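These notes are about the structure you will find just below.
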Amino acid sequence: MKQDRVVPLYRADEFPAPLTGAKAGALARLHGAGLSVPDGVCVTSRWFAEVASRTDIGRLVEHHLRDLGANPTGTGRSLELIRRALTRTPWPGDLVAEVSEAARRLLTAGPVMVRSSVPVEDGAGLSYAGVFESEGPLESVPDVLAALGRCWAALYSARVVAYARGQLPGEYAAFLQSWVRPDAHGVLFTRDPVTHADGPITDVAWGNATDTTSGRANGGRVALTAGDDESGVTLPRALRESLNSLAERGEQLFGRPLDIEWVWSDGHLHTLQARPITHTTTATRAPAAAWWPDSDVGALHDVGLGLCRRRFEGALMKHIWLRRQCAALDVPTYREAYVVYRPEDTRRLADELAGHLRTEYVQINWAARGTGTVAPLAELALHLKRGHERNPLDDPAYCAAHIGEIVPAEASGFSAVLSDGTVVIEAFPAGLPGIKEGGLVPSVFTVSPAGKVAREHIATFARRCRIEPGEGWWWHPEDTPPYVFDRSNTEVLDIARVTRALCESLGEARVEWYTDDGRAMIRDVSLEGGRLDAPSAPGGQLISGGVASGTVLHLPDLGDLDEAARALEVSVVGSGTDNAAVMADARITAAVDAVSRATDVIVVAEYPSAGLIPLVDLAAGFVFRRGNLLCHTAIVLRERGVPAIVSAGAAGLRDGMTVEISPAGVTVLSDREQTC
C-alpha cells in the first residue's frame with residue numbers, strides 16, 4: 001500500500017514496528033509527549049521491500065545469501081556483490097519520486113540526515129548501537145538518494161554479520177531527518193550503564209554530532225545530579241536542567257532506563273534517538289586470562305577484544321572459514337589466535353600458545369592490521385607484557401591481542417585451475433613488494449590433468465627478502481646478483497595438489513600460496529566468477545576477456561596509486577567506487593578524475609597495480625605492458641567483465657588514439673587499421 005511506504009516521522013508509532021523500526025517509533029512517541037525532535041519522514045521496510053521485489057535486487061540478494069550460507073569462505077565476496085547491487089541497480093521511478101518529494105520538502109528547511117531504523121535495532125537485548133550506518137548532513141535530493149542506498153547496503157557488512165552472529169536482519173527501514181547544527185551533543189543515560197546507579201549521566205562534546213556516538217569526541221562524562229562532574233566539563237545551567245528533565249520524562253514515558261542521543265543548539269535541546277539501556281540487569285562478566293584459536297568463533301563472539309574486535313570481524317569475512325576448510329581438506333595453512341591477559345599471565349599463556357603455534361616467528365597485533373610487532377615465538381611472553389597498555393579492555397587490568405604465525409617462505413604466488421583442467425602457477429620469491437599489485441613478472445608453470453609439469457616462463461630476479469623482527473611489515477628486501485627463479489617439480493606438483501583440492505571444494509578460485517621446505521601452504525583464496533581460459537592469446541596475454549574500444553589514456557606513474565593501495569588495503573573485495581574511504585583518497589581521486597573526463601577510455605599502464613581497482617568500473621578496458629593472470633586487479637577485471645590484455649604493442653600507443661582491444665590484440669583505429 002502506497003500510504004505506508006513513506007510516512008511522517010512524527011506518525012511512525014502509529015505503524016507496526018516491522019515497518020518503521022523501533023528508533024523511528026520512539027522518536028514519534030517523544031514528539032507526541034511534547035519533546036523536541038527534528039522533523040523527518042520514515043522510509044519504511046515496505047518501500048525497501050518493493051524496491052527489491054520490483055528490480056533484480058531481491059533475486060540477487062537471495063542468490064548471494066544462499067551462496068554465503070553454502071560457502072562461508074566467500075562471505076566477503078557475497079556481501080560485496082550484494083552491496084554493489086543495492087547501490088548500482090536503478091530503483092523504480094515512482095518509488096524514487098516518493099522519497100525525492102519528501103527529501104525536497106525537508107531540504108527547504110536545511111540539510112538532511114539519512115538514519116537507519118532497522119526493525120531489529122534498539123532492542124532491549126541487542127541494541128545494534130553503532131552497527132548500522134547514518135549519513136549527513138546532505139544538501140541535495142541526489143545526495144540523499146545516494147546516501148539512502150549506501151546506508152541500505154551497509155546492512156550487508158562484516159560488522160553486522162559479526163554482531164548478529166551471521167543472522168542478517170531480514171528487513172530494512174530508515175528515515176530522513178532535518179539536521180540540527182550542534183553547539184553541544186552527547187548521549188544521556190538515565191541510569192549509569194556500568195554501575196546501574198540511579199541518577200542520569202551524560203557524555204558531552206562539542207562539534208560534529210556523530211563524534212560522541214562513534215567514540216571520537218573530545219569531551220567528558222557528567223553526573224547531572226551532582227554539583228561537580230568527573231571530567232572537569234562544565235555544562236550551561238539551561239542545558240543541565242534540560243537534560244535532567246529529558247531523563248525524567250523519558251523514563252516516565254517508556255517505563256525503563258534509557259540511553260538518549262541529544263543535540264543542544266541555540267539554547268534548545270533536541271532528541272535524536274532513545275532506546276533501552278542494553279543489559280541493565282546484570283553486571284558485565286569480568287574477563288579471564290585465556291586464549292582462543294580464531295576458529296573458535298562461538299566463544300570469540302562473547303569475548304571482549306577491544307581494538308582487536310574489528311580484526312576479528314574482518315577475519316569472519318573469509319579467513320577464519322578458509323582455515324576451517326583447509327583443515328577439513330588436510331591442506332596446510334597458517335594458524336592464528338586471540339588472547340586476553342594481564343601482565344602476570346603472559347608466561348603461562350605464551351607457554352600454552354607455543355603448543356598451538358608452529359613457526360619460529362609470530363606477529364602480535366593489539367589493533368588494526370600492520371600495527372603490531374613481529375617477534376620470535378620464544379620471546380612472545382616478553383612482547384605481550386611490553387604491549388599490555390596498547391589495547392586495554394573495560395577492565396584495564398586486562399588487554400587483548402591477536403597472534404598469527406609467520407611462515408619463513410622461500411616462494412609465494414598464485415594458482416588456479418583453467419577451463420581445460422590445467423593448473424597454472426605464478427611463482428615469486430616470497431615477500432617481494434609488488435607481488436599482489438601485479439608489478440612483478442612471475443615464473444609461470446603449468447601442470448596438466450595427467451600431472452605433467454611445463455615451465456612456461458622462468459623469471460630472473462635481483463632481490464630477495466628476509467624476515468626481520470620489529471614493528472610493522474616483517475619482510476625486508478635486499479638487492480642481490482641476478483638469479484634464475486625456478487622451482488622443483490616436487491614443489492610445483494604439491495602446489496597443484498592443494499590448488500585442485502580447494503577448487504574442487506570451493507568452486508572457481510584463485511589460490512594464494514607459499515612454500516616452506518618445498519611444501520605448499522595456503523595463505524588466501526579469492527573466488528572467481530567462472531573458470532579461467534588458457535592464459536595466452538594471439539595478441540598478447542589476455543587477463544580479462546571481451547572486446548572494447550575507446551580513447552587511449554596513459555597513466556604513466558603508478559607510484560602514488562601503489563602507495564594508496566597499500567595504505568588503504570585495496571584488494572579484491574570492497575575496493576571499488578562504492579568504497580567511500582578509498583574514493584576519498586586524493587591519490588585515487590586524481591586518477592578517477594583523469595579517467596572520468598571522457599567516455600569509453602582505454603587505460604594504458606605499465607602493470608595492473610591494485611591502485612587501478614577503483615578505476616575498473618570507469619574504464620572501457622585496460623592495456624598493460626607487463627602483468628600476470630592471477631594478480632588482484634586481474635580478478636576484479638574478470639569479475640566486472642572489463643577487457644584487459646598484456647601487449648608488447650602498448651609502448652606504441654599514444655594519448656588520444658582510438659583503439660580496440662580483443663583476444664586478437666590491440667588494434668589502432670585511424671585512417672588505416674594497424675595491429676599492435
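Note that these values count all heavy atoms, side chains included, but never hydrogens, waters or copies made by symmetry. Remember, it's a predicted structure, so these values are computed and weren't measured experimentally.
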Any T89 side-chain heavy atom under 4.5 Å of V51 side chain:
no
Is a side-chain donor or acceptor of W366 paired with a backbone partner of L307 at a separation under 3.5 angstrom?
no
To check you understand the geometry: which heavy-atom pair defines the closest contact between A85 and L60, and what is its length?
CB-CD1, 3.9 Å
May I ask you to check whether over 12 heavy atoms, not counting those of E14, lie within 6.0 Å of atom CD?
yes
With sequence neighbours excluded, what pairs up with E563 under the salt bridge (charged side-chain N to carboxylate O under 4.0 Å, His left out) test?
R587
Correct closest heavy-atom pair for A28 and Y10 would be CB-O, 3.6 Å
So, does T44 use its side chain to make a donor-acceptor pair with the main chain of D4 at under 3.5 Å?
yes
Partners passing side chain to side chain donor-acceptor pair (under 3.5 Å) against R310 (at least two apart in sequence or in another chain):
none
Strictly distance-based, threshold 3.5 Å: is any side-chain N or O of W321 a donor or acceptor partner for the main-chain N or O of L316?
yes
If you measure from SG on C151 to CD on E135, what distance do you get to the nearest 0.5 Å?
4.5 Å
Mind running side chain to side chain contact (heavy atoms under 4.5 Å, CB included) on H268 and W264 for me, showing each step along the way?
CA-CA 6 Å; H268 296 282; W264 178 255; 5.6 Å; no
Neighbour count above 12 (heavy atom, 6.0 Å) for R66 CZ:
yes
Charged N-O contact under 4.0 Å between R309 and E313
no
Side chain to side chain, T589 and D585, heavy atoms closer than 4.5 Å
no
If I compare all heavy atoms of A173 with all of S45, which pair ends up nearest, and what's the gap?
CB-N, 3.7 Å
Non-neighbouring partners of E248 that pass side chain to side chain donor-acceptor pair (under 3.5 Å), sequence neighbours left out:
none
Can you name the closest pair of heavy atoms from L9 and P38 and give their distance?
CD2-O, 3.8 Å
Under a 4.0 Å threshold between the charged nitrogen and the carboxylate oxygen, would E251 count as salt-bridged to R256?
no
Any sub-3.5 Å donor-acceptor pair from T190's side-chain atoms to L258's backbone N or O?
yes
Step-by-step salt bridge (Lys or Arg N to Asp or Glu O under 4.0 Å) determination, E261 to K23
CA-CA 11 Å; E261 186 181 343; K23 184 189 293 186; over 6 Å; no
With rounding to the nearest 0.5 angstrom, report the OG1 to CG distance, T271 to L246.
4.5 Å
Looking at W47 versus W152, is the centre-to-centre ring distance below 6.0 Å?
no
SG/C308 to CG/L300 distance, rounded to the nearest 0.5 angstrom?
10.5 Å
Are the side chain of T55 and the backbone of I57 linked by a donor-acceptor contact shorter than 3.5 Å?
yes
Can you see which heavy atom on V99 is nearest to which on L145, and at what distance?
CG1-CD2, 3.8 Å
Assert yes or no for the condition that the ring centre distance of H388 to Y341 is strictly below 6.0 Å.
yes
Salt bridge (Lys or Arg N to Asp or Glu O under 4.0 Å) contacts touching residues 25-40 (sequence neighbours left out)
D39-R105
Is there a side chain to side chain contact (heavy atoms under 4.5 Å, CB included) between I364 and H402 once you walk through the steps?
CA-CA 6 Å; I364 312 161; H402 160 270; over 6 Å; no
A side-chain contact here means heavy atoms from C-beta on lying under 4.5 Å apart; do L148 and F48 qualify?
yes
Name all residues meeting the side chain to side chain donor-acceptor pair (under 3.5 Å) criterion together with D296; count only those two or more places apart in sequence or in a different chain, and write none if there are none.
none
So does E133 pair up with R150, basic N to acidic O under 4.0 Å?
no
So do T20 and S117 actually touch side chain to side chain, heavy atoms under 4.5 Å?
no
Taking F175 as the fixed residue, which of V114, V43, L27, V41 is the one that meets the side chain to side chain contact (heavy atoms under 4.5 Å, CB included) rule?
L27
Results of salt bridge (charged side-chain N to carboxylate O under 4.0 Å, His left out) for D13 - residues two or more places apart only
none
Aromatic ring proximity H301/F312, centre distance under 6.0 Å:
yes
Walk me through whether R54 and D94 qualify under salt bridge (Lys or Arg N to Asp or Glu O under 4.0 Å).
CA-CA 11 Å; R54 291 169 55 186; D94 58 322; 2.7 Å; yes
Quick check against the 3.5 Å criterion: does S78 have a side-chain atom that pairs as donor or acceptor with the backbone of T75?
no
Quick one about S596 and D593 (side-chain donor to acceptor, distance below 3.5 Å, no hydrogens or angles considered), yes or no?
no
So how far is it from D183 CG to L239 CG, rounded to the nearest 0.5 Å?
10.0 Å
When you measure from the side chain of D203 to the backbone of G186, do you find a donor-acceptor pair of N or O atoms at a distance under 3.5 Å?
no
Enter the distance from D302:CG to W292:CH2 here, rounded to the nearest 0.5 Å.
10.0 Å
Taking the side chain as every heavy atom from C-beta outward, state whether P169 and L155 have any atom pair closer than 4.5 Å.
yes
In terms of side-chain geometry, is the basic nitrogen of E80 or R83 positioned less than 4.0 Å from the acidic oxygen of its partner?
yes
Are R390 and E471 close enough for a salt bridge, meaning some N to O gap below 4.0 Å?
yes
Between the main-chain N or O of A33 and the side-chain N or O of R249, is there a donor-acceptor pair closer than 3.5 Å?
yes
Heavy atoms, side chains only, cut-off 4.5 Å: are D617 and R88 in contact?
yes
Between D259 and F189 (side chain of the first, backbone of the second, donor and acceptor by atom type, cut-off under 3.5 Å), is there such a pair?
no
Minimum heavy-atom distance L188-P200, with the two atoms named
CD1-CB, 4.0 Å
Between R342 and A288, is there a donor-acceptor pair closer than 3.5 Å when you use the side chain of the first and the backbone of the second?
no
Between R59 and E62, is there a salt bridge with N-O shorter than 4.0 Å?
no
Is the shortest distance from a Lys or Arg side-chain nitrogen in R46 or E171 to a carboxylate oxygen in the other one below 4.0 Å?
no
R115/Q273 under side chain to side chain contact (heavy atoms under 4.5 Å, CB included): CA gap, chis, key distance, verdict
CA-CA 10 Å; R115 310 192 73 198; Q273 183 169 321; 3.7 Å; yes
Compare all side-chain heavy atoms of C42 with those of F15 and state whether any distance is below 4.5 angstrom.
no
Would you check if S157 and F132 make a side-chain contact, meaning some heavy-atom pair closer than 4.5 Å?
no
So OG of S242 and NE2 of H270: to nearest 0.5 Å the spacing works out to 10.0 Å
Looking only at side chains, do T202 and W262 share a donor and an acceptor under 3.5 Å apart?
yes
